[in-house]
Amino acid sequence: MTFSAPRPLFAEFAAVIDAALDALVAAGTLPGDLPRHAVTTEPPRDPAHGDLSTNAAMVLAKPAGTNPRALATLLAAELGRDPRVVATEIAGPGFLNLRLTPGAWLGELRLIGQAGADYGRSAMGGGSVVNVEYVSANPTGPMHMGHCRGAVVGDALATLLAFAGHRVIREYYINDAGGQVDVLARSAHVRYREALGEAVGAIPEGLYPGDYLIPAGQALAAEFGDRYVAAPESEWLALFRTRAVAAMMAMIRDDLALLGIHHDVFSSEAELQATGKPALAEAWLRAHDLVYDGLLEAPKGKVAEDWEPVEMPLFRSTRFGDDQDRPIRKSDGNWTYFGADLAYHFQKAETADALVDIWGADHAGTVKRIRAAVAALTGAEGHPKPFEVKLVQMVQLLRDGVPVKMSKRAGTFVTLADVVREVGKDVVRFTMLSRKPDAQMDFDFAKVVEASKDNPVFYVQYCHARVCSTLRKASAEGFAPGADALDRLGDEELALVRLAAQFPRVIEGAAQAREPHRVAFYLYDLAGAFHAYWNLGNDRPDKRFIVADDQALTAARLFLAAQVGQVIRNGLAILGVAAAEEL
RNA sequence: GCGCCCGUAGCUCAGCAGGAUAGAGCACCAGAUUCCUAAUCUGGGGGCCAUGGGUUCGAAUCCCGUCGGGCGCACCA
């Protein structure tokens, strides 16, 4: 993917600094082979320090055999030649601070206008393919709130990576091969008999009692009549399993659609096994002495009453950092979940340059073994495929501060569909993204829908709505945004531009760290700055966007407002949250 | 017992591949305002970044130990 728009300001100056370093190398004042990956170009924390700050002198001084301030002086002289740089200052231990002409920032504001929905889009990913696997909920029932966070985080991450220049595959792994789907099939059989008029009474212990299987039973009754009512299980189990899984997946897709989530690829574990992928993986691993027949260790930390040593094919995951070797087949010869999952990751790696899995924290214990498997299966040439497991921590549901009780056995879990219907897609998504994923979070129905500035979702959306309403009002009064007189903008306005100009940096940083929540926090900051600017107009009519007797100034301010709105819109698009035009 | 995650203001949380005086919102305190630029605004106090060591020019950030909370620990998925 090529992206030929002008570079955003921060990227531009990173290049300027790089070129200045090149000049120092050419002049012989700096060795040519210094690693520059640690050199940063960023806004100083304290705006009084200037517009841009680089740590280049501090990072490079030691390997260059000089001291930071001396190097900074040389670098400052070099950078001072850029016409956009009005001042250079050396500060603290060796920071080099730059002050830029207002024109440099106004140019960035114009760039936002030109790039529009593409502002912030980056070529960083270089078109490499990243497979993001997320949700992958078991196809035995509807989505519940336990799945929600991973679903939203994975989806936003996928969008973020695409925006940052990757080709992204959004994938869902259907666990349709284990004992649980047999239970599902038996449960469906009960509902099937029920649909044919049999009084089935309470759903037997060990089967899924949920009402959601009733339609599946009715569909089976409509399709097969009473053919399988009294038939032995062997005649209907596989059939009912296929039908029931398909019904559950249709339901899950509908649930996900409520959140705006759509996967590109649904991979079936059953199909994976049917096509012999785990066996191929096993053969390959055995050939490389990475699978052997051995005894499984006894479980740790639990009383193992019925523990007996059994010989099974074990994968040498300890060679790759796991705590013990893991079985890939059960003693009955069937694949373990891990045995199939290992083959599945191998399959994914065939079509992607990097893999990311989004898992719930309750699966944290299995991270090491799957990382080991990917390292083993893709690392034969010494270059294992980049693979990350991102864990999302638990969400506690609250209603007015009181925990919502959930019991799977009693069937009283809170479904995702219910929550989305109650509070809305945008609230669910933004809330799930307003905390770093590796920290636990509370989701309080009452707080999350509150329409006040204390609610970040509302705060950000209100910013966008405010921009829209300002533009509407201006239009009605005969004003339009325009970039002809941007030099009329003053310090307060430029502060807003500086913040908006950070969006491309935020995108790249968030994509690199695989942390979409950073975008949410940035949007909150930008919205805060916009609201603060807006409030200036309360006491000072000359600071309002519309200044009735000054056409040129109004056009420039409206242009600024429009671009802030654009950045908010672009950010919300990554989060999958609607940018409301009015509230 | 072991592994992983977390511990930052009274509360809820940020802190961007170690960087300058650790930030925001709520709550609290003090002012302003009843305007329609709108679900009020402005300012202020408040921190041994759980704790003890280590690494270095520099640590909330990296390493080790301790304490506290969460999740998990056969062939389940």
Side-chain angles (χ1 to χ4, degrees), chain A residues 37-38 40 42-46 49 53 55 58-59 61-62 67-68 91-95 97 136-138 140 175 177-181 269 296-302 304 306-310 312 322-324 326-341 360-368 389 391-394 396 434-442 444 447 450-456 458-459 462 465-466 469-470 473 502 505-506 508-510 512-513 515 517-518 520-522 524-525 528 531-532 534-541 543-546 583:
Chain A
H37 63 276
T40 58
E42 54 192 8
R45 201 158 283 168
D46 184 348
H49 290 143
S53 178
N55 65 354
M58 287 187 293
V59 173
K62 190 185 253 181
N67 74 74
F95 287 102
N97 297 326
S136 299
N138 293 332
T140 55
N175 302 136
Q180 60 176 359
V181 283
E269 181 184 1
L296 192 58
E297 292 176 42
K300 310 270 196 310
K302 274 191 172 177
D306 54 348
W307 167 252
E308 284 175 19
V310 193
M312 277 178 286
D322 199 2
D323 310 307
Q324 58 177 266
R326 306 290 176 175
I328 61 170
R329 287 176 190 266
K330 307 178 205 173
S331 49
D332 66 3
N334 284 317
W335 298 103
T336 62
Y337 179 83
F338 173 63
D341 201 26
D362 50 345
H363 290 81
T366 60
V367 171
K368 282 183 179 176
V389 180
L391 295 176
V392 299
Q393 291 290 329
M394 305 284 115
Q396 184 175 30
S434 62
R435 184 129 319 168
K436 64 180 173 214
D438 39 15
Q440 291 157 245
M441 73 182 265
D442 290 343
D444 193 315
K447 283 189 189 159
E450 193 180 325
S452 81
K453 71 179 186 62
D454 305 338
N455 184 347
F458 172 82
Y459 194 68
Y462 183 42
R466 200 169 227 182
S469 79
T470 302
K473 187 182 173 209
Q502 289 195 46
R505 290 183 68 240
V506 171
E508 294 196 347
Q512 216 148 28
E515 291 183 347
H517 76 276
R518 292 191 196 182
F521 280 95
Y522 166 76
Y524 182 77
D525 285 345
H531 290 311
W534 176 276
N535 287 329
L536 280 181
N538 281 330
D539 299 329
R540 296 172 57 187
K543 277 295 176 188
R544 296 183 183 186
F545 283 96
I546 300 172
L583 294 174

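Here is how names work: the chains are called A, B, and so on, in the same order as the sequence lines, proteins then strands, and each is numbered from 1.
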Next on the checklist: What I'd like to find out is whether the side chain of Gln393(A) reaches to under 4.5 Å of the side chain of Pro437(A), using heavy atoms alone.
Outcome noted: no

Next on the checklist: Without decimals, in angstroms, what is the distance between Phe521(A) CZ and rG25(B) C1'?
Outcome noted: 11 Å

Checklist entry - Which whole-number value in Å describes the distance from Glu42(A) CD to rG18(B) P? => result 11 Å

Checklist entry - Between atom NE2 in His49(A) and atom C1' in rA20(B), what is the gap in whole Å? => result 6 Å

Checklist entry - Taking a pair as Watson-Crick (N1 to N3 plus N6-O4 or O6-N4) or G-U wobble (N1-O2 and O6-N3), both under 3.5 Å, which stems of 3 or more consecutive pairs involve RNA chain B? => result B:1-7 with B:67-73, B:10-13 with B:23-26, B:28-32 with B:40-44, B:50-54 with B:62-66

Next on the checklist: Does Pro44(A) reach a base, just sugar-phosphate, or nothing at all? Heavy atoms under 4.0 Å.
Outcome noted: base

Checklist entry - In whole Å, what is the span from the CG atom of Asp46(A) to the C1' atom of rG23(B)? => result 12 Å

Checklist entry - Closest to the Ser331(A) side chain: rA77(B), rC13(B), rC75(B)? => result rC75(B)

Item to check | Residue list, ring-ring contact (aromatic ring centres under 6.0 Å, His included) with Phe458(A), at least two apart or on another chain | outcome: Tyr462(A)

Checklist outcome for this item: Whole-Å distance, Arg544(A) CZ to rC35(B) C1', equals 9 Å

Distances under 3.5 Å between nitrogen or oxygen atoms of protein and nucleotides 56-64 of chain B:
| residue | atom | partner | partner atom | Å |
| --- | --- | --- | --- | --- |
| rC57(B) | OP1 | Lys62(A) | NZ | 2.8 |

Check: protein-nucleotides 38-42 of chain B nitrogen or oxygen pairs below 3.5 Å:
| residue | atom | partner | partner atom | Å |
| --- | --- | --- | --- | --- |
| rA38(B) | O2' | Tyr462(A) | OH | 2.5 |
| rA38(B) | O2' | Arg466(A) | NH2 | 3.3 |
| rA38(B) | N6 | Ser469(A) | OG | 3.0 |

Checklist entry - Does any non-hydrogen side-chain atom of Thr470(A) lie less than 4.5 Å from one of Lys473(A)? => result no

Next on the checklist: Considering every strand and a 4.0 Å limit on heavy-atom distances, what is the contact class for Ala91(A): base, sugar-phosphate, or nothing?
Outcome noted: base

Checklist entry - What about Asn55(A): does its side chain form a donor-acceptor pair under 3.5 Å with the base of rA20(B)? => result no

Next on the checklist: Need one value for Val506(A): base, sugar-phosphate or nothing, where a base atom within 4.0 Å counts as base even if backbone is also close, heavy atoms only.
Outcome noted: nothing

Item to check | Residue Leu296(A), side-chain atoms from C-beta onward, closest of rC75(B), rG25(B), rA20(B) | outcome: rC75(B)

Item to check | Ring-base stacking, His517(A) with rA14(B) (5.5 Å, 30° cut-offs) | outcome: no

Item to check | Non-hydrogen atoms of Val59(A) and Ala38(A) that approach each other most closely | outcome: CG1-CB, 3.7 Å

Checklist entry - Which part of the nucleic acid, if any, lies within reach of Asp444(A) when heavy atoms closer than 4.0 Å are counted: base, sugar-phosphate only, or nothing? => result nothing

Next on the checklist: List the residues meeting side-chain contact (heavy atoms from CB on, under 4.5 Å) with Lys447(A), not counting sequence neighbours, and say none if there are none.
Outcome noted: Asp444(A)

Checklist outcome for this item: The contact string for nucleotides 2-8 of chain B, one letter per nucleotide 5' to 3', using protein heavy atoms under 4.0 Å with B, S and - for base, sugar-phosphate only and none, comes out as -S-SSS-

Checklist entry - Do the side-chain N and O atoms of Gln180(A) and Asn175(A) include a donor-acceptor pair separated by under 3.5 angstrom? => result no

Checklist entry - What is the distance, rounded to the nearest whole Å, between atom CZ of Arg326(A) and atom C1' of rA74(B)? => result 9 Å

Next on the checklist: Categorize Gly94(A) for me: base, sugar-phosphate, or nothing, with a 4.0 angstrom heavy-atom threshold over every strand shown.
Outcome noted: nothing

Item to check | Nucleotide nearest Arg435(A) (side chain, heavy atoms from C-beta), chosen from rA20(B), rG25(B), rC13(B) | outcome: rC13(B)

Item to check | Test log, rule salt bridge (Lys or Arg N to Asp or Glu O under 4.0 Å), inputs Glu515(A) and Lys436(A) | outcome: CA-CA 7 Å; Glu515(A) 291 183 347; Lys436(A) 64 180 173 214; over 6 Å; no

Next on the checklist: On the side chain of Ser53(A), is there an atom forming a donor-acceptor pair with the base of rA20(B) - under 3.5 Å, no angle test?
Outcome noted: yes

Checklist entry - Could you state the CE-P distance from Met394(A) to rG69(B), rounded to the nearest angstrom? => result 18 Å

Checklist entry - What integer distance in Å separates Asp322(A):CG from rC73(B):P? => result 14 Å

